[in-house]
Amino acid sequence: MEELKGESVNIRDRELRRREEANRTYLMKLNSDHLLFNYKLEAGRYSGRDIPHGAHGGWESPVCQLRGHFLGHWLSAAAIRFHETGDMELKVKSDLIIHELAECQKDNGGQWAGPIPEKYLHWISNGKGIWAPQYNLHKLFMGLVDSYQYAGNEQALKIADDFADWFEAWSGTFSRDKFDDILDVETGGMLEVWADLLEITGKEKYRTLLERYYRSRLFRPLLEGKDPLTNMHANTTIPEVLGCARAYEVTGDKRWLDIVKAYWNCAVTERGTLATGGQTAGEVWMPKMKMKARLGDKNQEHCTVYNMVRLAEFLFRHAGDAAYAQYIEYNLYNGIMAQAYYQEYGLTGNKHNHPSTGLLTYFLPMKAGLRKDWSTETDSFFCCHGTMVQANAAWNRGIYYKDQNDIYICQYFDSELKTEIDGAEVRLLQTQDHMNGNMLTSSNTTGYQEINEITALHENLPSYRKYDLAVRTSRPKEFAVNCRIPDWIQSEAVIYVNDGFHGKTADSSQFYQIRRTWKDGDKISIILPIGIRFIPLPDDENTGAFRYGPEVLAGVCETERILYAENEDIASEMEMENEREWGSWRYFFKTVDQDPAIQFKRIRDIGYEPYQIYFKVKKARG
């Protein structure tokens, strides 16, 4: 199955476009000399006596052993953005940075291009403690490869190819057992980049590197059905398995795919997830189906969300199982959106001293009464800072797929697809019908206020989501449109074609197929019943979180609150409030029977206030 992306998919959703533009502004705002500082310092191309004014801090500080890692993420994000939009200003900035990296590599002797010294890797082999040099260097490789693949920069490929010569020579000096010891320290995503470079260049050295970086001490127990993940650092292993996924795509060797499937089974299927779709606590995998004791201050690291979404995307392409797309949906709303580029969803009269925006929060705490801890633009640069700019570079990925002549709609966002089926041009325009009845979006009374039936028909927020898919074709063409039915639907989904009933289904996490000869102007309408559900912890059915459709709700709570339910339907203890503003529906909720009531928002709308996601529920006292 082929993921449709780049210029073939145009995002129209206002919230996704806002995030893309905020990300693009941030990429352009960062000073190129500061991005390159650690590379120039390592190559002897900086001659100042002091750290430059305004130089990046945090993990980019020249005294941090991970210094320089962020530039690789930056290059990837810039390339992904260019691939979607053709943004030449960003490409020029990227190309100039890559040119300077080539000069650094030349001054380092022609191979080494990293922002850290070679001896860091020698220290690993000698057993001296050092902080993740291969993780660091993989980011540069990743950025260079993406710059070649998505932005056509040939110089980036040459830098990466020459840099790989150093790794081939270094890794070849060790026995298998000794190199396995090195891999047990950390490998970053090196396996993935060797697979990428093998596909691009066809050079035998990358097959050699793939075999050397095969981490049998992790992969063997996974294949044997054991659990090597509980209490192990999550984001050191996810990139390794992403490498296996890429190695399978490049070589076709099924052993790589078997590892990916075994990892997913161990990390997700048997382990379970939080209501958000994420996992982990304190950066490690929680025990299987045991999360109650791990609700704390360091849940759901952003990097793990991003990388597990990538892994789910790979599995979807190769298996076609809608459950992987459902996993992605939960993590997009309650991870990627909830942890970066926050913009206040405010209330008039709710005065506070908090900022109205936030850049990135490393973790999403699950302990009641805690807050999101927002990073700064130039003084943080921890690992999640890098995956943030990649995740928000282009939101047009993962929405549409094509399998031969069949189209799959995996995510529901306003967007436009342009593709070709057997020589016929096909466009698919997806829009959400908000059923709000008018186009008035502000207090400006010159807005559209025409009298219409919809305004009165939907007096309150409808209990279903409606999405329309307009089909445009250059000539009549037979193919199938497959619409994903989410697992959060409250009752049967209903599908219409050209306003006529086509069918309905209660089979969630499946695709509903519409095969016909499509003509220009045809339309599909999808009705998805939506509401609030209580999602219990796997190890405590009386403690859980609330989801409205795909979105987790968070109570604004200074300290932990216990809920007292009047009946077995715990979700009925929640109701909407303040649901309308001018021409738009809004998403505020509150409890029904608590004293005092608890206000709830979508987790992505929580900024600086203390909150609670998981609630202990008791029967109301008589």
Side-chain angles (χ1 to χ4, degrees), residues 19 57-59 64 66 69-70 73 131-132 135 229-239 267-268 271-287 290-310 327 330-342 354-355 357-377 379-392 537 545 551-560 601-614:
R19 290 172 180 272
W59 290 16
C64 177
L66 284 183
H69 76 103
F70 179 76
H73 291 286
W131 192 11
Y135 160 87
L229 300 184
T230 294
N231 292 332
M232 292 295 291
H233 192 275
N235 204 46
T236 55
T237 58
I238 305 169
V268 180
R271 197 166 305 275
T273 69
L274 297 161
T276 56
Q279 232 263 9
T280 72
E283 300 196 14
V284 304
W285 289 112
M286 301 184 211
K290 293 173 67 177
M291 302 178 186
K292 185 176 180 179
R294 300 293 179 96
L295 304 179
D297 60 323
K298 294 182 176 65
N299 292 112
Q300 194 171 297
E301 179 189 4
H302 181 277
C303 282
T304 66
V305 173
Y306 175 73
N307 283 323
M308 288 301 289
V309 163
R310 290 189 61 215
Y327 177 92
Y330 286 137
N331 280 277
L332 289 180
Y333 278 109
N334 307 303
I336 304 301
M337 287 189 188
Q339 293 177 248
Y341 293 114
Y342 160 73
H354 302 310
T357 61
L359 184 62
L360 168 70
T361 180
Y362 195 142
F363 301 105
L364 189 67
M366 298 287 162
K367 179 176 169 59
L370 295 186
R371 293 171 166 86
K372 296 177 182 179
D373 187 11
W374 297 101
S375 67
T376 65
E377 288 188 343
D379 292 319
S380 298
F381 291 111
F382 37 74
C383 54
C384 301
H385 221 103
T387 51
M388 174 196 73
V389 295
Q390 287 177 270
N392 290 278
L537 284 170
E551 302 205 60
V552 168
L553 305 179
V556 180
C557 301
E558 290 279 354
T559 59
E560 184 173 7
K601 298 181 185 180
R602 299 174 298 189
I603 186 61
R604 64 174 161 128
D605 295 325
I606 294 287
Y608 294 81
E609 61 269 55
Y611 65 88
Q612 181 174 348
I613 290 178
Y614 278 96

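Atoms considered below: every heavy atom in the structure, side chains included; atoms not considered: hydrogens, waters and symmetry mates. Heads up: numbering here begins at 1 and tracks the sequence.
Shown here are the ring-ring contact (aromatic ring centres under 6.0 Å, His included) partners of His354, two or more places apart in sequence or in another chain: His352, Tyr608. Here Ala275 pairs with Ile535, Ala545, Arg547, Val552, Tyr614 under the side chain to side chain contact (heavy atoms under 4.5 Å, CB included) rule; sequence neighbours left out. When the side-chain hydrogen bond (donor to acceptor under 3.5 Å, both in side chains) test is applied to Thr304, no partner is found at least two apart in sequence or on another chain. For Tyr362, the ring-ring contact (aromatic ring centres under 6.0 Å, His included) partners are Phe382, not counting sequence neighbours. With sequence neighbours excluded, no residue satisfies side-chain hydrogen bond (donor to acceptor under 3.5 Å, both in side chains) with Lys298.
Closest heavy-atom contact between Arg19 and Met337: NH2-O, 3.1 Å. Nearest heavy-atom pair, Ala338 versus Trp374, reported as atom, atom and distance to 0.1 Å: O-CH2, 4.2 Å. Here the closest non-hydrogen pair linking Phe363 and Asn299 is CB-O, 3.3 Å. Heavy atoms only, all atoms of each residue included: His73 and Cys383 are closest at NE2-O, 4.3 Å.
Leu537 has its side chain out of reach of Arg294: every pair of non-hydrogen atoms, C-beta onward, lies at least 4.5 Å apart. Side-chain contact between Ile238 and Trp285 is present, with at least one heavy-atom pair separated by less than 4.5 Å.
Partner of Met286 under the side-chain contact (heavy atoms from CB on, under 4.5 Å) criterion, chosen from Thr280, Leu274, Thr273: Leu274. Residue Trp59 forms a ring pair (Phe, Tyr, Trp, His ring centres under 6.0 Å) with just one option from Tyr135, Phe381, Phe70, Trp131, and that option is Trp131. In summary, of the residues considered (Ile603, Asp605, Asn334), a side-chain contact (heavy atoms from CB on, under 4.5 Å) with Glu551 occurs for Asn334 alone.
Annotation: side chain to side chain donor-acceptor pair (under 3.5 Å) contacts involving residues 380-389, sequence neighbours excluded, comprise Tyr26-His385, His302-Thr387, Thr376-Ser380.
A donor atom on one side chain and an acceptor atom on the other are found under 3.5 Å apart for Thr230 and Arg271.
The backbone N or O of Gln339 lies less than 3.5 Å from no partner atom in the side chain of Gln300, so there is not a single donor-acceptor pair.
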